[in-house]
Amino acid sequence: MRRAGAVALNTFREAVRDRVLYNLVFFALLMMLAAILVGGISIGIEDLVIKSLGLSAISVIGLLIAVFIGVGLVYKEMDKRTLYALLAKPVRRWEFLLGKFGGLVLTLAVNTMAMAAGLFAALLYVKHHLERTDAVLLIAIYFILLKLTLVVALALLFSCYSTPLLAILYTSALYIAGLFVEEMRTFHSTAANPLLEALLRGLSYLLPNFENFNVMAAAAHGREIPGALVLQNTVYAALYSVIVLLVAAAVFSRRNLK
Amino acid sequence: MPGHAIEIENLTKDYPFGFLHLRKKRSLDGLTMQVESGEVFGFLGPNGAGKSTTIKLLVGLIFPEAGTARILGKPITDIAMHGDIGYLPEQPYFYDYLTAAEVLDYFARFHDLTAADRHERVARMLRKVGLETARKIQLRKYSKGMLQRVGLAQAILHDPKVVILDEPMSGLDPIGRREVRDIILELKREGRTVLFSTHILSDAEMLCDRVGVIVGGKLRGIGAPGEIVGMKAQGMEILFELRESGSSARAVLAKAIETGDRYRLQVSEQELYGVLEQLRAVGAKILSVAQIKASLEEYFMNLIEADRAQAAAVEVSGK
């Protein structure tokens, strides 16, 4: 774990020096602009607009980082051959993968926390105070982070054996498909095709369920989020990520570096 | 303590090619050899001969189709073996957002070193490879030669018993080459085993206790550098001066090459004494008689030609 930690810290340092965290400037500008404009165009729902906009921005920016940095995590190291000297050290390939995964998740966590702070600052500016129901936003942000963790695991898997372009396509396709798993489970074919129905139902259990992580609307309206869902999403994201990382480790452990 | 630092047995590697990667090209064909503890071993061969493939197999970057290898008695699949080896990749490239000190500290973290030990070793290595003053500059601003030095520093940072260097002199200017040679000799003095690949014979002659020559994925010769070069002696060269060239000397001079006021004459070993007698008879002053050794290029070309001839013969007999 010490070696995976060294890789993780280096991955975080790379993200910082590659100016990945500069997106925070964009987020800060967006929040400032929204806070200034929202008072003029919406009466009584200022906080709803700020919350919705803030959560959506946190999710989209996080997804862009998770996908675009994630698909290059392993490929870039192979392509630039920075991996050669490293893998000659006493470090196992799965430790390297775990480190790359941990490093990007750490980057996303820092980034998400900074954006969350920006969101609360914008809310405070608009409402001049925070309410107890605003704490639900923290759960929504936690779910976004869980979702991003899962996306990083998928992007890392594709990064082990595919080019970044294809890995972006695969990861994006899985993410979009994962937003519709409930529909797939309840799908009743108009043509009454039982084979298609069974196939979709089976697929819906295999695909990552990203729908469960989306509580942005509820959080924006200050509705309570059940503790069971928090536990379920935490366990689901952890288990699914572990399984994806195990597959990635199996793929990468026999990969010949050219 | 095993006698052999590196033992390679029947190591074979294929690379897939073609649209679906269904076809395979044999890059290394049943390589068997040993590197003794404490020796400097040169792995010689033209580009694409299988040198880097062998080295990558040894350090676990690629996996063999067949065969095994052991370093210091440990199988190359054993992760503990990696603590005892240092590796410099060919044309090394490191994280360009890090400084030399940071990249060395990063690599040192994979060995069981305390923070104080890491800092001391990083400083010592930077001094050793002459990068002390450039320690805080990001690697993106480094020249190829400076990156090579960083590569060497990370390879020997943890005092490995076996050091494996893939084309360590590649791309270096004469001063850089000299510095790398000095480091290799220092490693030998410290009792470490060094295996390095090169296609430059002068490097091998200067540094190696033994060399192995690989062509077309097959080991074609192994031994002391002198033996390898001597294997293909192509005759004798006589260097002489001749003040007056009368008609009696014409027959001898017809075959000689005139360079300034001297002549060079190449003859076979069988002809040597007869020709020397003729030269003495015409009053020539013999300056030197030396064995003509094939250059490495010629040696390789001979091997490659032999390979092609063999392949053609197999093709003809197949028809």
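Every chain is numbered from 1 and lettered A, B, ... according to where its sequence line falls, protein lines coming before strand lines. These figures come from a predicted structure and were not determined experimentally.
B:R23 CZ: 12 or fewer foreign heavy atoms inside a 6.0 Å radius. Atom CZ of A:R19 sits in a sparse spot, with 12 or fewer heavy atoms from other residues, nucleotides or ligands closer than 6.0 Å. In A:Y236, the OH atom is crowded: over 12 heavy atoms of neighbouring residues, nucleotides or ligands sit closer than 6.0 Å. The number of heavy-atom neighbours closer than 6.0 Å to CZ of A:F26, taken from other residues, nucleotides and ligands shown, is 12 or below. Under a cut-off of 6.0 angstrom, the local environment of CD in B:E9 is sparse, with at most 12 non-hydrogen atoms contributed by other residues, nucleotides or ligands. Other residues, nucleotides and ligands place no more than 12 heavy atoms under 6.0 Å from the NZ atom of B:K218.
Between chain B and the residues A:L83, A:L9, A:T82, A:L87, the largest count of heavy-atom pairs under 4.5 Å involves A:T82. Comparing B:L88, B:I62, B:I85, B:D112 by how many heavy-atom pairs each has under 4.5 Å with chain A, the most go to B:I62. Looking only at heavy-atom pairs under 4.5 Å with chain B, the residue among A:N10, A:D18, A:V91 that has the most is A:N10.
Looking at A:E77, the atoms closer than 4.5 Å to chain B (heavy atoms on both sides) all sit in the side chain, from C-beta outward. For B:L98, the parts lying under 4.5 angstrom from a heavy atom of chain A are both the backbone and the side chain. Interface residue B:Q91: backbone and side-chain heavy atoms are both found under 4.5 Å from chain A. Proximity to chain A is limited to the side chain of B:D96, based on heavy atoms less than 4.5 angstrom apart.
The shortest heavy-atom contact between B:Y87 and A:A88 is CD2-CB, 3.5 Å.
A distance of 10.5 Å separates CZ of B:F94 from CG of A:L86, quoted to the nearest 0.5 Å. Remark: A:K76 NZ to B:Y95 OH distance equals 10.0 Å, nearest 0.5 Å.
Checked by atom type, the side-chain pair B:Y93/A:D79 shows no donor-acceptor distance below 3.5 Å.
Using a 4.5 Å cut-off between non-hydrogen atoms, the part of residues 246-257 of chain A that approaches chain B consists of A:S253, A:R254, A:R255, A:N256, A:L257. Residue-level contacts of residues 102-111 of chain B with chain A, in order of numbering, are B:E102, B:Y106, B:F107, B:R109, B:F110, B:H111; threshold 4.5 Å between heavy atoms.
B:L61 places none of its side-chain heavy atoms less than 4.5 Å from the side chain of A:R81.
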